Amino acid sequence: MWSSGAIALEKVGHRAPAESSNLTVVFVSTGLGREYALAFAERGASVVVNDLGGNAKGGGKSSAAADKVVEEIRAKGGKAVANYDSVEDGEKLIQSALKEFGRIGECCVIYNGFLFVFQDLIHRIHLRGSFLVTRAAWDHMKKQKFGRIIMTTSAAGIYGNFGQSNYSAAKLGLLGLANTLAIEGSKHNIYCNTIAPVAGSRLTETVMPPDLVASLKPEYVAPLVLWLCHEQCQENGGLFEVGAGWVGKLRWERSQGQIMRQKSRPMTPEAVRDQWDKICDFTDATKPTTIQGQHALGSITVNISPNPWFRKKRALAVGQKLPVSTFNFNHTQCILYALGVGMSTKDPDHLRFLYEGHPDFSCLPTFGVIPSQAAMMDGGLASIPGLNIDFTQVLHGEQYLEFYRPLPTSGTLTSEATIADVLDKGSGAVILLDVNTYSGGELICYNQFSVFVVGAGRFGGTRTSAKAPLPPPKRAPDAVVTDCTTRDQAALYRLSGDWNPLHIDPGFAAMGGFKAPILHGLCSFGFAARHVLKQFANNDPSRFKAIKVRFAKPVMPGQSLQTAMWKEGSRIHIECKVKETSDVVLSGAYVDLHQARQPSFTGGRLQSDLVFTEIGRRISEVGPELVKKVNAVFGWEITKEGKTAAQWTIDLKNGAGSLQKGPYGGKVDVTFTVADEDFMEVVQGKLNPQKAFFSGKLKVRGNIMLSQKLEVILKDYAKL
Ligand SMILES: CCCCCCC[C@@H](O)CC(=O)SCCNC(=O)CCNC(=O)[C@H](O)C(C)(C)COP(=O)(O)OP(=O)(O)OC[C@H]1O[C@@H](n2cnc3c(N)ncnc32)[C@H](O)[C@@H]1OP(=O)(O)O
C-alpha cells in the first residue's frame, strides 16, 4: 500500500475526485524528484518523470534515473512516463505528457533542479529551464483554469553561500520568476510558490557528510509540495524553507526607514550616514508583499498599513509645541511675495504692494502666512519624534488666517506653532497646526495649517476639525475675476520661503504622483485673496480680517485661476476654478472683511467714510443753517458724528474732493481749506489723517458751500 504521507488528503492536484488525469511534471534527480513523483502518483496523478540523468557537474546523460522511478510507480499501479529531454526543450516535455495521457489535465509543474558548478549550465538549467517548461505548460493551465507551480530555490540563493555565486544568482532568479508568475497567474487560478528544501540527494551526498544526508530525507519535503499543489491550498507567491521534518515560511520585512529628502535639506551621503541607525531600525517594521508597497515608487508603507506614529503616538503629540521661529524681513520680502502671488505693475492699483516708496506701501495681508510657515519649514514637522512622514505624500489641505493687528512691512516676527489635532480623514491623515505670530510681544495674526498626509489615514482617529470650510451661496456670484498664473509662478513663489521640491523638482513631483511640479496651495490662496481685496475692499489691507480656504485640487503653474465671489454682509465667499479644466481648486473658501473705518492714503488719495463723517461734523459746526439746507436738499440728517455710508475721496492732486457714493445719490460740493504745514505732514505720513481730523490739528477752515457738486479745495496744494 502507498503510504498517505504527512498530509491526509485524498487527492492532490485534482479539482474533483472523479477526474484523475492530472498531469504532474516532475523533474527527477533521484532524491526529491523521485519522492514527488511517487507521492503524486500515489494520489492518482499522471506523472511525467523527467531527468537528463547527468552527474553533479551536469555531465553525462542516461535514462536510468527516470526509468527507475517510472518502473516503481507502474509497479504500484500508478501512471507515469519517462522523459529525457533537457528542460530547455520545455515544449517537448509537455508534448510527451499529451502523447502518453491523451490530454493535459490539471497541471502542476515542479521544477526541482540541483546542479552545481558551471555558470552557463546553471543559468541555462535552473533559470531558463524552469522558465521554458513553465511557459510550455502555461497556456494549458490557463485554459483549464487551474495550475500549480513549484519552483525550487535554495538557501544559497536566499542567504548566499561561500563559493556559490553562480548557483546563488540562478536560484534567487527563480524566486523572482515565481513571484511574477504568482501575480500573473492568480486570476487564472494558477498559483506559484517557491520552496528552499534541505534534502539529501545524489548531488548533495557528494558535499555533505553521510549522516547529515540521512537526516534530510526527501520524504520530509514532498508533503509540503503536495499540499501546495492541492486545489484547496490558496497559498500563492509564498517562499518556504523545508527539511528534516520542519517547514517554515519566509517573507520580506522593511524597516520604517527614514525620509532623507526633506523640503529644504538636500540628500547627501553625510545625511545618510547620520540617519543610519534609523534606516536600519526594525522597530515597527512592515511586511511588504507587493510592488505597490515599494517606497521609492511613492506608495510609502503608510499605504499598506497605517504609519504607526498616527496609530500610537498622535495623542501624545497633540498640544506639543514646535520650536519658536524668528522671521526677519523688510520691504524686499513683501514685494517678492506680492510678485509671487501674481501682482504686476500693469495694474496701477498693485503699486502700493510693489513699490516701497509708495506713500501707502503695504504688505499683502496673506503675507501673514509666510512667517508662520517658516516655523514649520525649518524642521518643525520633522522635529516631532517618531513622525517620519514622506514629504512626497504631504499636501497642503486647508488654511485659515486671522489678523489682530496690521502686518508691518519690516521687522522681526516670532511664531509659535502647536500641534492642534491629528485627524483621520480615511484616505489620509490631517495634521492641524496652530501658529501665533507676534511682533514685539503683540499678537499680529493666527494661522491654522492643515497638512494632508496622503495614505496615512485609517488609523482610527477623529475626523472633525474646528475651522470648517463653508460652501458658497446657491446663486450667481457677485463678481468673477480671471487671472493667469505664469509657467514660473511656483519658481517665483517659492522664493518667499516654501522650498518644498514638490513645486520645482520634476523627480520629486513624480514621486508624489504628479506629472509635473504643482503650484503651492498658498500661491493660489494669495491670488484669490487679492481678488477679494481689490473687488470688495478697495485694496485696503486694513479691511482684511480673516480667510479660510480648502485646497481641493492641485493647480499647475501656467493655468488660469477664476475666482468667483459672493458678498454676504462682511463675509465674501470664494470658489476658485482652473479656467482651462473647470476644476474647483479652492473650495469652501471665504474672506471676512472689517467695515471700512480707517482713513489712509493711497496713491495720493485720502479715502474714508470717517473723513466724510468728519466733514459732516464740521458742517454741523459751521452753521445750523447750512445743515438745514443740506438736509432739505438731500434728505440727510447730519448729526454731530455725521451720518453716511458713503465713500469719500479727496484727490490731493486736484485739491478737490467728491462724494462718490452718497446714501441717497446725488452730489454735494463743499469747499474748505487746511493749513499747509498740517497737510504736508499728512502727505509725508507723519500725521495720521484720522487722528488729525479728530484732534482738530488738520483744520477745516473757510467756507463750506453747498452746491450740486461737493468740492473740497485744499488751499495752496498746487504749490506742493
Ligand atoms: C511642513 C509644512 C506645512 C505646510 C505643508 C504644505 C507644503 C506645501 O508646499 C504643499 C503644497 O502646497 S501642496 C499644493 C496644494 N494642495 C493641493 O494641491 C491639494 C489638493 N487636494 C487634493 O488633491 C485632495 O483634496 C486630497 C488629496 C487632499 C484629498 O483627496 P481625497 O484623498 O480624494 O479625499 P476625499 O475622498 O475627497 O475626502 C476624504 C476626506 O478628506 C477630506 N478632505 C478632502 N480634501 C481635503 C483637504 N484638501 N484638506 C483637508 N481635508 C480634506 C474630506 O472632507 C473627507 O473627510 P470627511 O469625510 O471627514 O469630510
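FYI, side chains are in, hydrogens and waters are out, and symmetry mates aren't considered; it's all heavy atoms of this structure. Treat the numbers as computed from the prediction; the structure is a model and nothing was measured. Here, residue 1 is the first one in the sequence, and each next residue gets the next number.
- Taking K534 as the reference, D347, D349 meet the salt bridge (Lys or Arg N to Asp or Glu O under 4.0 Å) condition, with sequence neighbours excluded.
- The aromatic rings of F449 and H396 sit parallel to each other, their planes meeting at less than 30°, with 60° as the upper class boundary.
- Between the side chain of H503 and the backbone N or O of A491 there is no donor-acceptor pair closer than 3.5 Å.
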Open item on the list: Evaluate L432 against L423 for side-chain contact (heavy atoms from CB on, under 4.5 Å), listing each step before the verdict.
Closed with: CA-CA 8 Å; L432 293 179; L423 307 175; 4.0 Å; yes
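- When the shell of 6.0 Å around NZ of K567 is examined, it contains more than 12 heavy atoms from other residues, nucleotides or ligands.
- Going from atom OG1 of T485 over to atom OH of Y493 covers 14.0 Å, rounded to the nearest 0.5 Å.
- Atom OH of Y446 is surrounded by more than 12 heavy atoms from other residues, nucleotides or ligands within 6.0 Å.
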Identify every side-chain donor-acceptor pair in residues 334-344 under 3.5 Å, counting partners at least two apart or on other chains, and give the distances.
from: Y337; atom 1: OH; to: T366; atom 2: O; distance (Å): 3.3
from: Y337; atom 1: OH; to: T366; atom 2: OG1; distance (Å): 2.8
from: S344; atom 1: OG; to: K346; atom 2: N; distance (Å): 2.9

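- Looking at heavy atoms from C-beta onward, H331 lies out of side-chain contact with S410 at the 4.5 angstrom threshold.
- Between F327 and F329, the distance separating the two ring centers is shorter than 6.0 angstrom.
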TODO: Decide yes or no on side-chain contact (heavy atoms from CB on, under 4.5 Å) for Y400 and D434, but give the supporting numbers first.
DONE: CA-CA 9 Å; Y400 180 76; D434 284 348; over 6 Å; no
TODO: Please test F452 against V394 for side-chain contact (heavy atoms from CB on, under 4.5 Å), starting from the C-alpha separation and ending with a verdict.
DONE: CA-CA 6 Å; F452 199 101; V394 169; over 6 Å; no
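- With hydrogens and angles disregarded, no donor-acceptor distance shorter than 3.5 Å links the side chain of N436 to the backbone of L443.
- Side-chain contact between V430 and V451 is absent, with no heavy atoms from C-beta onward closer than 4.5 Å.
- By the salt bridge (Lys or Arg N to Asp or Glu O under 4.0 Å) test, R530 pairs with D483, sequence neighbours left out.
- To the nearest 0.5 Å, atom OG of residue S372 and atom CG of residue L401 are 7.5 Å apart.
- When the shell of 6.0 Å around CZ of R487 is examined, it contains 12 or fewer heavy atoms from other residues, nucleotides or ligands.
- Looking at K548 and E402, no side-chain N of the basic residue comes within less than 4.0 Å of a carboxylate O on the acidic one, giving no salt bridge.
- A salt bridge does not link R463 with D424: every distance from a Lys NZ or Arg NE/NH1/NH2 to an Asp or Glu carboxylate oxygen is 4.0 Å or more.
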